[in-house]
Amino acid sequence: MRHTDAWLRSTGRGLVRSTVLAALAWGVLAVSLVPASVAAVSGSPWSWANPWSWIGLLLFLIPLALVLARPIGMLSRRLAARWLGVTIEDGYRRPEDAPQPVLLSTGYWWNGHSYERSRRDAELDQQWRRRIGDPAYWRDVRWLLVAAVTLGPLCAVPAAALVGAVAAFTRGTPVAVLGGVLLTAVSAASAPSAWRLLGPLGQRWLRLPAGAAAAERVRELELERAEMSTTQAAELRRIERDLHDGAQARLVAVGLSLAAAERLLEADPVKARALLQEARRGTSSSLAELRELVRGVHPPVLVERGVVEAVRALALDSPLDVRVEAPDRLRLDGPVEAALYFGVAELLANVAKHAPAARVQVRIRDRGTEVEVDVEDDGPGGARVVPGGGLDGIRRRLGAFDGSLAVSSPLGGPTTSRMVVPCASS
Amino acid sequence: MRVVVAEDLYLLRDGIVRLLEAYDHEVVATAATGPETFEALIGHRPDVAVVDVRMPPTNTDEGLTAALRAREQIAGLPVLVLSQHVEQLYARELLADQAGGVGYLLKDSVFDADQFIEALERVAGGGTALDPAVVTRLLGRPATASRLARLTGRERSILALMAEGLSNAAIAGRLFLSEGTISKYTTTMFDKLGLRDDDNANRRVLAVLAYLDDTRG
């Protein structure tokens, strides 16, 4: 009794699943046949006898297939995972990997690939490049074809046989009844196994191919390069603006004051003196501005002492209670040091913003082939990496050196951010 | 005073030398690299030295290192360190030996010649001269905030000037108060902070800084 029950259940379930898969595999074809069939019935020039009119069918089929390929691919993978426990990497390019477009001084937006008139255009362009250029998308299109000729016919067997059997039974002749019994047997026998084909087929056709890993790596590096070019462009623009509006403007004012003082030197010494003082104040404030600018570009302590001491200096200047645990002498390549330094600076600034009373522990460890920097605070937690946000910025910056950022921040804290950069320390 | 000037940029070195000579100080030697600085400091034993932090050959903190090494050999050798940027880290290193005779100022400070020379003389006399930017950061420490909170606003501004290395008279001059008032303030202030009051400006600075360092963490 229990056996029969289980058998019935697995057959029923198999029947449903096989039918779903058949519909999935043939859905696009079936839908695009609808207008063509309607046309054939209503007597338009479209007819099966005229191969030229098949172009009409293709006009429906191709766009529909291109639009639905990705959803169908995703659904197939999800079904494989749910029914068979088979996980198939989708390998899609993720939108958050793409660099943020930057406004250049020319007024155009640079998205790492092309110059566009507006931010929206730059993002759209990027989105299309990502979608169309994604090999994973074309794998989905291929899957549509593969599924239509393999999964479709095989998974249609149980349902088709059952329909056939019902039709035969209704006819009632002995031969038809015999055929009906046979068809029922075929349906029942194929139902539990037909849908399982999704596993091997999916793994063969939907998965990242072996060589793709290397190709993806190359592409990732290309993306990182595009990324670097946009961040550099943004950075240069910021520096240019700061110099232009700050120090440069002030020095012009200083020059003017000096010129005026020169003229007034004999006629009105008191006023000339005031102008000279003004000029001196002007040079002082331009120096202060330049100092800030330099600190933001490449902090002098970093040049003079290296990353460990620079992080110590950062800890001293932070409004937080920061402890630093680090090896005494650790020098890395300049750009790597800068990336780690600005990472720590950003993390400390984040803590100061969201948990001003927190105690922070910074740990720098040299693991030989990689350097690990932990920043841990006992704040309320809940930090997340938001695309375009500060943490994302660190991640991108470290990405250029094959480094990574991992953030663990459960609600209630503590928050631990770990930056790892592979390198041989010198 | 006999002064050694260590600065790698010719224009700035020349400017400082001219400034010192205008104030009737004698420049006994100039240096443009780290090793030269060390030799000049040891060889000439000047009354005070003006040293730039960043110098060749490595263009890192050669000047600072040379000054620190020279002070290891000649305790309390007066050194005024100049830099394009000030770091608490360096200030702490300079003050660590507690020997006094230490200055640490931004290069801009030469713009105000009178104050610069005054600071130089203070350092030569075994006192201290710290840039206000460093002092603000030193006093801005979070761990000290709670204790500093006991001080009134006026007391805190006096403490800041004291940490720069000014004497009571100089503080009185800056704040337009009488020297007597200042010394009253300092007495209550040191009481509140639990420090020993002392008339020696240098020892006061060191006391303040040691106190700030103690409360760290």
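Only this structure's heavy atoms are used, side chains among them; waters, hydrogens and symmetry mates stay out.
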Q: If I measure from the heavy atoms of chain A, does B:N59 come under 4.5 Å with its side chain, its backbone, both, or neither?
A: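 For B:N59, the backbone is the part near chain A, not the side chain.
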Q: Under a 4.5 Å heavy-atom cutoff, which of B:E62, B:Q84, B:R54 has the most pairs with chain A?
A: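 Of the candidates given, the most pairs with chain A belong to B:R54.
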Q: Any heavy-atom pair between the side chains of A:R291 and B:L106 that's under 4.5 Å?
A: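 Heavy-atom side-chain distance check passes, below 4.5 Å.
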Q: Please report the closest heavy-atom contact between A:L330 and A:V308, naming both atoms and the distance.
A: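 So the minimum-distance heavy-atom pair works out to CB-CG2, 3.9 Å.
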Q: Heavy-atom distances under 4.5 Å only: say whether A:R359 touches chain B with side chain, backbone, both or neither.
A: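 Neither part.
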Q: Write down the atom of B:Y104, the atom of B:E87, and the distance for their closest heavy-atom approach.
A: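 Heavy atoms only, the tightest pair is OH-N, 2.9 Å.
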Q: Which heavy atom of B:L94 sits nearest a heavy atom of B:G103, and at what distance?
A: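 Closest heavy-atom pair between B:L94 and B:G103: CD1-O, 4.3 Å.
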Q: Just so I understand: if I count every heavy-atom pair under 4.5 Å between each of A:R295, A:R305, A:R280 and chain B, which residue has the most?
A: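 Result: the option with the highest number of such pairs is A:R305.
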Q: Below 4.5 Å from any heavy atom of chain A, which atoms of B:V86 appear? Answer side chain, backbone, both or neither.
A: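 Contact with chain A: backbone only.
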Q: Does either side chain, that of A:Q361 or that of A:D374, offer a donor lying less than 3.5 Å from an acceptor on the other one?
A: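 A:Q361 vs A:D374: no donor-acceptor pair found between side chains.
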